[in-house]
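See structure below.
Since the model is a prediction, treat every value here as computed from it, not as a measurement. First listed ligand is number 1; within each ligand, the first listed atom is number 1.
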Amino acid sequence: MGNMDTLLRLQHVNFLRGGNPILQDVSFKTELGENWVILGPNGAGKTTLIAILAARNYPSSGQAEILGQQLGTVPVQQLHERVGLCSSAVLRVIPGAQTVKALILSAAYGTMVRGRDQDFEDIDYQRRTNLMELFGVVSLQDRKLITLSDGERQRVLIARALMADPEILILDEPVAGVDLQARELLLSALDELSSDPKSPQIVMVTHHLEEIPASFNRAALMKEGKIMANGEIDRVLTSENLTEAFSFPLKCGRSEDGRWWAHAQ
Ligand SMILES: Nc1ncnc2c1ncn2[C@@H]1O[C@H](COP(=O)(O)OP(=O)(O)O)[C@@H](O)[C@H]1O
Ligand SMILES: [Mg+2]
């Protein structure tokens, strides 16, 4: 057993696809109280990495420990209930013709899909209301998922991922392709969420420093299947490290309110 406060731990993880190394000797650890952003150029291996962290994929070699459980030694459904994942892969398996309110509620018991109203309790409905309020989707509750804009859909999917009360929430590019208002709505909801000590640890993949919620305190930079740097966000997100990770001269910084920016040097 590791440290009780360690939530995710990868040790010397390799991942191969068609003989190609996609992840190489990745070691990485998250602890209670940390919210992580994972940054890196296209193809760096971010999505592959979080699929392992979310118990949706197995390493080719090395160890992955999720909430104290060794991946591969426990039924993955147990881990799926405890680690929420929100990505475009999840979207593909969600019935788009369901209403927002039904979709969110149906995730209350993780992969144990329940469908009928009598399967749910008062606290489930209360939780759904709280989540719909936090993510600003109350007015969308009777709409079908397929009729929503990208930004609205993202907020619904995150509320849904939180419905099972996971200990970790993993987000893969949650604001990719959404407009400025939708981005800011989502980031402020994530900030509010992360200020509550009962909330899950958040691990978020993004390409843009402007998309990092101000309250996030840890960062991992990926390049070519490796973690180039990780740890306290202010130490990791430096102009030097970003220039190295993106192979392009970049300058970054933080404004007074804690938000990050980056542009060419
Ligand atoms: N199923 C697959 N088969 C072969 N190569 C893949 C597969 N999935 C991803 N890759 C490759 O692995 C690398 C990392 O992909 P990915 O984890 O999606 O990166 P990122 O999310 O950082 O853009 C890329 O070069 C991609 O082409
Ligand atoms: Mg990706």
Side-chain angles (χ1 to χ4, degrees), residues 8-30 35-64 66 71-72 76 79-80 83-94 150-151 153-155 157-158 160-161 168-178 182-183 186-187 190 201-213 216 218-231 233 236-238 241-248 250 252 260 262:
L8 295 167
R9 183 203 298 273
L10 300 185
Q11 286 173 287
H12 306 295
V13 161
N14 291 288
F15 186 83
L16 297 165
R17 264 288 151 79
N20 295 316
I22 310 287
L23 295 177
Q24 294 182 65
D25 197 27
V26 168
S27 296
F28 172 73
K29 184 173 86 164
T30 74
N35 286 316
W36 283 79
V37 59
I38 299 177
L39 275 153
N42 282 320
K46 304 180 296 296
T47 296
T48 307
L49 175 73
I50 60 160
I52 294 172
L53 296 177
R56 269 73 173 181
N57 216 338
Y58 295 93
S60 305
S61 65
Q63 305 287 319
I66 297 164
L71 186 61
V76 282
L79 293 173
H80 292 178
V83 185
L85 175 66
C86 215
S87 69
S88 49
V90 172
L91 189 57
R92 270 181 249 126
V93 300
I94 286 180
D150 289 350
R153 190 166 54 233
Q154 279 302 341
R155 299 204 299 283
L157 291 180
I158 295 174
R160 180 176 192 270
I168 301 172
L169 174 68
I170 300 186
L171 307 172
D172 197 355
E173 298 190 39
V175 290
V178 311
R183 177 184 92 182
L186 181 51
L187 295 186
L190 292 178
Q201 173 171 79
I202 307 172
V203 178
M204 169 176 158
V205 169
T206 176
H207 285 120
H208 301 117
L209 273 73
E210 289 76 6
E211 297 174 353
I212 304 173
F216 276 38
R218 294 290 184 280
L221 264 180
M222 292 193 73
K223 182 185 186 179
E224 294 166 3
K226 297 187 179 130
I227 292 190
M228 217 197 79
N230 78 97
I233 198 163
V236 171
L237 299 186
T238 63
N241 282 345
L242 286 175
T243 295
E244 166 75 17
F246 287 86
S247 310
F248 185 80
L250 288 167
C252 74
W260 290 88

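- Looking only at heavy atoms of the protein, atom 14 (C) of ligand 1 is closest to G43 O, 3.4 Å.
- Nearest protein heavy-atom neighbour of atom 16 (P) of ligand 1: T48 OG1, 3.7 Å.
- W260 and F216 have their aromatic ring centers separated by at least 6.0 angstrom.
- Side-chain N or O atoms of T206 include none that pairs as donor or acceptor with a backbone N or O of E173 at under 3.5 Å.
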Under 3.5 Å, side-chain donor or acceptor atoms of residues 11-21 against the rest of the protein: list the pairs with distances, not counting sequence neighbours.
{"residue": "H12", "atom": "ND1", "partner": "D25", "partner atom": "OD1", "Å": "2.7"}
{"residue": "N14", "atom": "OD1", "partner": "D25", "partner atom": "N", "Å": "2.9"}
{"residue": "N14", "atom": "ND2", "partner": "S61", "partner atom": "OG", "Å": "3.2"}

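- The protein atom (non-hydrogen) at minimum distance from atom 4 (C) of ligand 1 is R17 CB, 3.7 Å.
- Checked against a 3.5 angstrom limit, the closest N/O atoms of T47 and ligand 1 fall inside it.
- When non-hydrogen atoms are compared, ligand 1 lies under 4.0 Å from the backbone of K46 as well as from its side chain.
- Closest protein heavy atom to atom 19 (O) of ligand 1: G45 N, 3.2 Å.
- Residue contact annotation: P41 has a non-hydrogen atom under 4.0 Å from ligand 1.
- Although no hydrogens or angles enter the test, the distance criterion places a donor-acceptor pair under 3.5 Å between the side chain of N241 and the main chain of V236.
- When hydrogens are left out, the protein atom nearest atom 10 (N) of ligand 1 is I22 CD1, 3.9 Å; that is the closest non-hydrogen contact.
- Across every non-hydrogen atom of M204 and L187, the tightest pair is CE-CD2, 4.3 Å.
- Looking only at distances, no side-chain donor or acceptor of S87 sits under 3.5 Å from a matching main-chain atom of D172.
- Contact annotation for atom 27 (O) of ligand 1: protein absent (non-hydrogen atoms, distance under 4.0 Å).
- Listed by number with element, the atoms of ligand 1 under 4.0 Å from a non-hydrogen atom of N42 are 23 (O).
- In this structure, the side chain of K46 does not engage the main chain of I38 through any donor-acceptor pair within 3.5 Å.
- The shortest non-hydrogen separation linking A161 to L85 is CB-O, 4.3 Å.
- Residue contact annotation: N42 places no N/O/S atom under 2.8 Å from the Mg ion (ligand 2).
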